[in-house]
Amino acid sequence: MPRSPEGSKSKKSRPEHVPSSFERIETDPAHHLAGPFRPQTPLGQEFPAPLPLTPTRTSAPIVRWSTDSQGFWEDIKSLRWVVVPSAYPANWEILAPYVAKGVPNPFAPLLFISHRVPGSSDDDPRYQKGYLDLVFITYYIVFWSFIRQSFTIYVCRPIAKWFGIRREAKLDRFGEQGYAVAYFFVMAAWGMRIMSQLPTWWYRTDQFWIDYPHWEMKPELKRYYLMQAAYWCQQLLVLLLGLEKPRKDYYELVAHHFVTIWLVGWSYLINLTYIGNAVYLSMDLPDTLLGLSKLLNYIQWNKTKTAVFAVFIVVWSYFRHWLNWVMLWSVWYEFDLMPETSKRWSPKDGVWMVWWMKYQVFAPIVLLQALNLFWYVLIWRIAYRALFTAGVKATDERSDDEDDGEPDEDDKDE
């Protein structure tokens with residue numbers, strides 16, 4: 001109904017409520033943490049104008065986020081191979097049969113780790129870092145791009161449709177979270193297996209420093225480390241090049257990815273791979289449960305989602321905070337457990353630990369903890385809202401991010 005001029009005037013005279021940062025995040029349908037926990041549109045609901053499987057792209061900025069190939073060479077030139085599975089280059093196995101026997105395969109550094117320590121046993125080989133590690137990481141950036149898009153399109157999308165999800169943007173988000181759950185679950189299990197083979201099991205932090213430098217790596221540790229580095233580089237590349245539609249928490253995610261790459265990159269360079277493995281594991285396991293709770297919210301398994309979210313809070317608190325503080329304490333108080341001969345800058349000997357390196361190792365873990373604390377407050381606000389607003393019908397809230405803020409046909413009439 002039209003409002004009277006007097007009503008409009010009196011409303012304007014009231015002081016306008018300015019939402020806080022957390023309030024803006026909680027109502028932001030595109031936020032990577034809060035958005036997926038907002039109320040969902042009923043599954044299988046028919047809409048006046050249902051979106052096709054591949055929506056029509058009419059504006060140039062949206063075409064760049066499409067997963068449709070524009071042609072092999074065009075995808076390569078525009079860097080869209082990062083999000084297009086069909087642009088993935090043929091691996092070396094296609095060419096291997098044409099390589100003469102006895103000649104080292106030139107593509108081996110792409111798929112396999114390099115720089116084996118000369119003289120190490122065949123039964124228990126050891127590897128060191130080297131420049132070919134950059135080749136390995138580059139290849140696996142492409143590899144993770146292919147795996148990510150293939151998994152979201154050919155695995156997650158059919159599952160989402162089977163559960164009755166119809167909206168195109170929501171199908172995309174379901175695919176992203178499905179891939180995240182699969183990736184972090186595998187990497188968390190792998191990281192735990194690797195730690196069980198190291199003297200650092202379970203977070204024996206004094207072993208981060210004793211007998212430093214740890215420059216001779218088990219092959220599984222090196223492979224795990226470099227594949228993780230490739231994954232985070234690929235994720236950062238997608239964000240910085242704008243190859244996918246950006247979220248509203250873009251800068252948070254970019255900061256997180258930069259800090260993660262800084263931390264694991266430096267730890268690898270200065271032979272602190274034990275602490276790098278511990279940091280990876282502390283991130284991967286809680287992220288698995290976070291993604292799972294989002295998926296359960298998308299398919300509206302509300303009771304299961306609530307149980308998983310409760311477990312997630314406990315796991316996040318332990319891994320992302322308690323163990324993070326344990327590692328910070330170790331850097332600050334156990335740094336001097338390393339041999340005195342290692343407290344110098346001598347790259348040719350594999351030692352880099354002059355006095356100021358203590359702060360260089362400490363700083364990225366502190367920044368990571370700061371980001372974790374920000375998200376931790378948000379997690380508890382979500383939990384509080386779920387506990388104390390149960391049964392309250394949110395009639396004016398959109399689905400989490402299924403249409404990226406676009407109004408529904410039903411909402412246009414309200």
Visitor: For the CD atom of Gln128 and the CZ atom of Arg116, what is their distance to the nearest 0.5 Å?
Guide: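 Rounded to the nearest 0.5 Å, the CD-CZ separation comes out at 12.0 Å.
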Visitor: Using the side chain to side chain donor-acceptor pair (under 3.5 Å) rule, take Glu334 and Thr205 through it: C-alpha gap first, then chi angles, then the decisive distance, then the call.
Guide: CA-CA 8 Å; Glu334 296 181 329; Thr205 56; 2.8 Å; yes
Visitor: Report yes or no: does His256 contribute a side-chain atom to a donor-acceptor pair with the main-chain N or O of Leu371 at less than 3.5 Å?
Guide: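 A pair under 3.5 Å: no.
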Visitor: For the backbone of Lys218 and the side chain of Tyr127, can you confirm whether one donor and one acceptor N or O come within less than 3.5 Å of each other?
Guide: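 Judged by distance alone, no pair lies under 3.5 Å.
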Visitor: Tell me whether the guanidinium CZ or amine NZ of Arg320 lies under 6.0 angstrom from the six-membered ring centre of Trp316 and within 45° of its axis.
Guide: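 Judged by the rule (NZ or CZ under 6.0 Å from the ring centre, within 45° of its axis), Arg320 counts as positioned above Trp316.
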Visitor: So, do Tyr183 and Trp144 have ring centers that fall under 6.0 Å from each other?
Guide: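 Centroid separation for Tyr183 and Trp144: below 6.0 Å.
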Visitor: Strictly distance-based, threshold 3.5 Å: is any side-chain N or O of Ser342 a donor or acceptor partner for the main-chain N or O of Met338?
Guide: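 Pair absent, no side-chain N/O of Ser342 close to backbone of Met338.
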Visitor: Taking Tyr225 as the fixed residue, which of Trp190, Tyr280, Trp232 is the one that meets the ring-ring contact (aromatic ring centres under 6.0 Å, His included) rule?
Guide: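 Looking at Trp190, Tyr280, Trp232, the match for Tyr225 under the ring-ring contact (aromatic ring centres under 6.0 Å, His included) is Tyr280.
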Visitor: Are the ring centres of Trp356 and Phe362 closer than 6.0 Å?
Guide: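 No, the ring of Trp356 stays outside the 6.0 Å limit from the ring of Phe362, centre to centre.
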Visitor: Please say whether more than 12 non-hydrogen atoms of neighbouring residues, nucleotides or ligands are located less than 6.0 Å from CZ in Phe151.
Guide: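 Above 12, so yes.
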Visitor: Does the structure place the NZ or CZ of Lys343 under 6.0 Å from the centre of the six-membered ring of Trp355, at an angle of no more than 45° from the ring's axis?
Guide: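 No, Lys343 does not sit over the ring of Trp355.
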Visitor: Apply the side chain to side chain contact (heavy atoms under 4.5 Å, CB included) test between Leu226 and each candidate in Tyr231, Phe136, Tyr139, Tyr140; give the one that qualifies.
Guide: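 So, applying the side chain to side chain contact (heavy atoms under 4.5 Å, CB included) to Leu226 and each of Tyr231, Phe136, Tyr139, Tyr140, only Phe136 qualifies.
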Visitor: Between Arg157 and Glu168 (salt bridge meaning N to carboxylate O under 4.0 Å), is one present in this structure?
Guide: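 Looking at Arg157 and Glu168, the cut-off is met.
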Visitor: Salt-bridge test for Asp336 and Lys358: reply yes if a basic N is under 4.0 Å from a carboxylate O, no otherwise.
Guide: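 No, this pair does not count.
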Visitor: Using a strict cut-off of less than 4.0 Å between a Lys/Arg side-chain nitrogen and an Asp/Glu carboxylate oxygen, indicate whether Asp124 and Arg126 qualify as a salt bridge.
Guide: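 Salt bridge: yes.
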Visitor: Salt bridge or not between Glu176 and Arg173? Use side-chain N to carboxylate O under 4.0 Å.
Guide: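 Looking at Glu176 and Arg173, the cut-off is met.
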Visitor: Before we go on, tell me: are the rings of Phe208 and Tyr274 under 6.0 Å apart, centre to centre?
Guide: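 Not close enough - the centres of the two rings lie 6.0 Å or further apart.
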